[in-house]
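Just so you know, these numbers use all the heavy atoms, side chains as well, and skip hydrogens, waters and symmetry mates.
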Amino acid sequence: MDFNEIEKKWQKRWELANVFEAKEESKKKKYYVLEMFPYPSGSGLHMGHARNYIIGDVYARFKRMTGWNVLYPMGYDALGLPAENAAIQAGKHPKIFTLNAIKNFIKQQKELGLSYDWNRLLKSCDVEYYKWNQYFFLKLYKKGLVYRKKAPVNWCPECNTVLANEQVHGGKCWRHTDVDVEIKHLEQWFIKTTAYADELLEDVEKLDWPERIKTMQRNWIGKSHGTDIYFKINNQNWRIFTTRADTIYGVTFMVISAQHPKLMELVSERQKKEVEAFLKRIKSTSEKDIEELEKDGVFTGSYAINPLTNEKVPVYAGNFVLAEYGSGMVMAVPAHDQRDFEFAKKYKIPIKVVIEPGEYSLNPEKMSRAYTGDGTLINSGEFNGLNNRDAIEEISKYLEKKKLGKRTVQYKLRDWLISRQRYWGTPIPFIYCEKCGLVPVPEKDLPVVLPDDVKFGEGNPLATNKDFVNTKCPACGGSAKRETDTMDTFFDSSWYFLRFTDNKNDKEPFSKKNVTYWMPVDTYIGGAEHACMHLIYARFFTKALRDLGYFKFDEPFTKLYNQGMLHGEDGHVMSKSRGNVVLPEEISKRFGIDAARFFLMFVAAPDKDVLWSDKGIQGSFRFVHKLISLFDKKKSTESDSLLDTKMHKTIREVTMKIENFQYNLALIDLMEFVKFLSDREKVTKKCLENLLLMLSPFCPHLCEELWEKLGNVEMAVTQNWPEYDEKKIDERAEAIEELVSGLRSNILDIQRLTKKKRLRKITLIIAKDWKSKLMKSIKKELEKIYDVGEIMKNILKNKDLKDHSKDIQKLLPKLVKKPGLIPRIVLAQTEEEAEINKRKDKLEKEFCCEIEVVREQDSKETKAKHAMPGKPAIIVE
RNA sequence: GCGGGGGUGUCAGAGUGGUCAAAUGAGCAAGGUUGAGGGCCUUGUGGCUUAGUGCCUGCGCGGGUUCGAAUCCCGUCCCCCGCACCA
């Protein structure tokens, strides 16, 4: 069988028949499956990406077959820095670079057999898409959710432009490795995400998301209760935020962020040089880099007055204080905060203890680290003796009364800095007019089209394009200049899922009807790396648009599924630079894409990180062949209880497991089913059909092919998912089968161990003591009826049993109040014996010897005593 | 630094209080098939022992809770991921 040929054949047929098209008119209930908006990287798609999409594809296919009207679209987050970097370095225009990359992606994705509705395709670099970015930006502006503020940026004097953190390497420019990056403060556009901080936090509870992602979101929003305290510095009030108002008597210095916009106001003439030198030492704006650095700081020359003690303490500028959080300045209590402690030690600042642990006393001279635990207040004036937790409350109240402070709520979540000084993004639709100031582009003048003809590598490409920059003021008609900042690409990915519901609409971003029908996304699939930023922005956007009246739902993604990462065989993340990339097309050539899909879904649970294995896929390849040869078997129309049991049980298990994303386990069940069918002489057509249908989400091409070979005209993808009948599942038939096959392997074992090729006579002695087997069966039955833990608790109430855990099992039946349960199982003994007798002929034939079946009580053999409960003993002559 | 996740057999990975010496696949070994190899099929694959039952050890390391722990708790070591201008 030529796999690549059948892949092409079915991909074509699916496309021609439009089987994956999502339509709004349907009697079925809608289901929206979505994978996170991929960035079409220039290096194409590797196995790691493939795994992600296949996880979604399996689910979408499964949902379609189980009776849902499924929307499963694909689009590309096409704007962004890598394309622009390529433009600067390789001289390729970002548009050509990106469109090529997308073309490649689509081709590769189609070869994977993914069941997207390609009619819904989106590219965020199309004007038809990004004009709606501008539209929404203006809506948010009107709603008062957009503002401008100075913020620090990386600046390369050589490139004459702003650099992304990514373009800064060790404080130097990525293109000019000997040029120091400077920090500039520029006016930037912000979106007030914090306006929704509370709702974003509260609604986390409503989401059916992995608990760890929810935790990360909560931490990211980082709501904390604290107190604003006013310290006088140079006769001006400076607000500082603290969660530890209880330690205010322990303040021995203050630290202002090195990035604080008003820092220079505090710097005295004498200290100016030193501070400037310090600022130069700190190159990058990135917090990551700051926090990896050692605590570093410099005295500003100013002193702050503690509002409660009236003590004068020095103000330092420091690299470990965040300008963006709280007030950008902290009161430092070295005795009770580790960072403050380290700083104080370094600059020989006094340490003042204000909390006593209780069991022992703290000596500021001898402390090796800060004491951050709870305790009783000392050295704190009238608050001495209070427990420190109560003191937070008391001191805050006191400060409020004296108008020296205020209790507040502080969020770690910051407003979203949305402007980028870059070309390859959505132009921010604003105009600067000398007379009228900042003027929004009127909605009717949208879109502001990104010009193609620009120069890269010398300053900001948009700013140097005269045709773009020079324009007329929409208010007064005078000459004016366009905003040259573009939007963060997270803006694009914050609402793309809405556009999929109505991607061709040129009158509005989406119709209310469609968005109401399809949204919210039922299952959203993507990596945990988006746990904070993208998912917060998208949630924020949804809430903001809801309040603008576009729809009524509060949350965009009902359920979130985090897929794991695929690593290369060397254990590292797959990446071109590591050279451990595995390409789907190469694997497909060797094994067919279905075997690859099978392996990827089989190797581990979809949410786990796994290692690619070239050897491992061999097993999947073998399975595919086994499956194909299964179809050469004789087909029978007659079924039996064992076959029914296996089939219905498999359907039950597989259905449940796919629903829960336990693809790996579902595939094991299917493999075992195939093995079972292969070992039988005849199989029914129904079995084979159901098998194919269940396997079709994983190996769609091959299943279509085999499905057709069975004589079916309608495609497998259009079929309904097989249903199971609980009544047809006969656990006992299975148990007997197990017993007999166990017997067989026992005989084989003996053959091997005795090295006798031919056994003359085998005596099977059926043990009288079936207890153990019985117990197991009983327990299994019990588990269906009771919670086992409950039963154990009941047993434990009987004190005498405490030391006899092994006996507990034996006592289980006594606890069973359900009559009839035990007799039914006891009955099984004789049935099993009969079953063995039935198979005797077959076994004799197989081993070419005589087989005798006796019951234990009939046997004089002493060895019969050792007959294993549950398995017949065997005597070999 | 802060936040999140994870350490299971030769390997990749199931299993998250009891039916566990631990699914499944890979690897390795033996046997069968084959002119040979490959492929395929069967069996085995922690240790000791038995024809079989059994016992010991065992899920990063050290403690604890429990009748019972890979699974829960505490401590500890190591690895991975995110941290706001990468998407």
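Across the C1' atoms, B/G18 and B/U33 are found 45 Å apart, a figure rounded to whole Å. Taking atom P in both B/G46 and B/A29, one finds a spacing of 16 Å when rounded to whole Å. Across B/G7 and B/G60, the matching P atoms stand 8 Å from one another, rounded to whole Å. B/A23 sits 32 Å from B/C74 when the C1' atoms are compared, rounded to a whole Å. The same atom, P, is picked in B/G25 and in B/G63; the two are 37 Å apart, to the nearest Å. Rounded to a whole angstrom, the distance from the C1' atom of B/C20 to that of B/G68 is 13 Å. The separation of B/U16 from B/C72, taken at their C1' atoms, amounts to 10 Å, rounded to a whole angstrom. Atom name P, nucleotides B/G27 and B/G17: the rounded distance is 34 Å, in whole Å.
For A/Lys675, the side chain to side chain donor-acceptor pair (under 3.5 Å) partners at least two apart in sequence or on another chain are A/Asp679. Under the rule for a side chain to side chain donor-acceptor pair (under 3.5 Å), A/Tyr561 has no partner lying at least two apart in sequence or in another chain.
In this structure B/A12 sits in a base pair with B/U24, meeting the Watson-Crick or G-U test at under 3.5 Å. In a base pair of the Watson-Crick type (N1 to N3 plus N6-O4 or O6-N4) or a G-U wobble (N1-O2 and O6-N3), with each distance short of 3.5 Å, B/A84 is matched with no nucleotide. Across all strands shown, B/G52 forms no Watson-Crick or G-U wobble pair with both key distances under 3.5 Å.
Here A/Phe490 lies in heavy-atom contact (under 4.0 Å) with a base. Residue-level contact check: A/Met216 touches the backbone only, with heavy atoms under 4.0 Å from sugar-phosphate atoms and none from bases.
The closest side-chain donor-acceptor pair between A/Asn133 and A/Trp495 falls under 3.5 angstrom. A donor-acceptor pair shorter than 3.5 Å cannot be found between the side chains of A/Asn460 and A/Thr161.
Take the nearest nucleotide of RNA chain B for A/Trp220 and for A/Leu79: the residue whose nucleotide is more 5' is A/Trp220. The 5' end of RNA chain B is approached more closely, in terms of each residue's nearest nucleotide, by A/Ala604 than by the other of A/Ala604 and A/Cys532.
A/Asn219 has its CG atom 10 Å from the P atom of B/G5, to the nearest Å. Rounded to a whole Å, the CG atom of A/Leu417 is 13 Å from the P atom of B/A87. Separating the NZ atom of A/Lys412 from the P atom of B/G4 is a distance of 9 Å, rounded to the nearest angstrom. Atom CZ of A/Phe623 and atom P of B/G39 are 19 Å apart (whole Å). Computed from coordinates, the A/Ile536 CD1 to B/G4 P distance equals 15 Å when rounded to whole Å. Atoms CG (A/Asp679) and P (B/U43) sit 9 Å apart, rounded to a whole Å. Taking atom OH on A/Tyr537 and atom C1' on B/C85, their separation rounds to 10 Å, with Å as the unit. Between A/Met487 atom CE and B/A84 atom P the separation is 22 Å, expressed in whole Å.
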Scan nucleotides 23-29 of chain B nucleotide by nucleotide, 5' to 3', and note B when protein non-hydrogen atoms come under 4.0 Å of the base, S if they reach only the sugar-phosphate, - if neither. BSSSS--
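In summary, the aromatic rings of A/Tyr663 and A/Phe661 are positioned with their centroids under 6.0 Å apart. Aromatic rings from A/Phe37 and A/Phe497 are positioned such that their centres are separated by 6.0 Å or more.
Using bins of under 30°, 30° to 60° and over 60° for the plane-to-plane angle, the ring pair A/Phe598/A/Phe602 lands in the parallel bin. Using a 30° and 60° split on the angle between ring planes, A/His534 and A/Phe490 fall in the parallel class, below 30°.
Between A/Arg212 and B/G5, a side-chain N or O to OP1/OP2 separation shorter than 4.0 Å is absent.
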A/Arg420 and A/Asp488: salt bridge (charged side-chain N to carboxylate O under 4.0 Å, His left out), yes or no, with the steps? CA-CA 6 Å; A/Arg420 299 290 125 100; A/Asp488 177 6; 3.2 Å; yes
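Applying the 3.5 Å distance criterion, the base of B/C85 shares no donor-acceptor pair with the side chain of A/Gln167.
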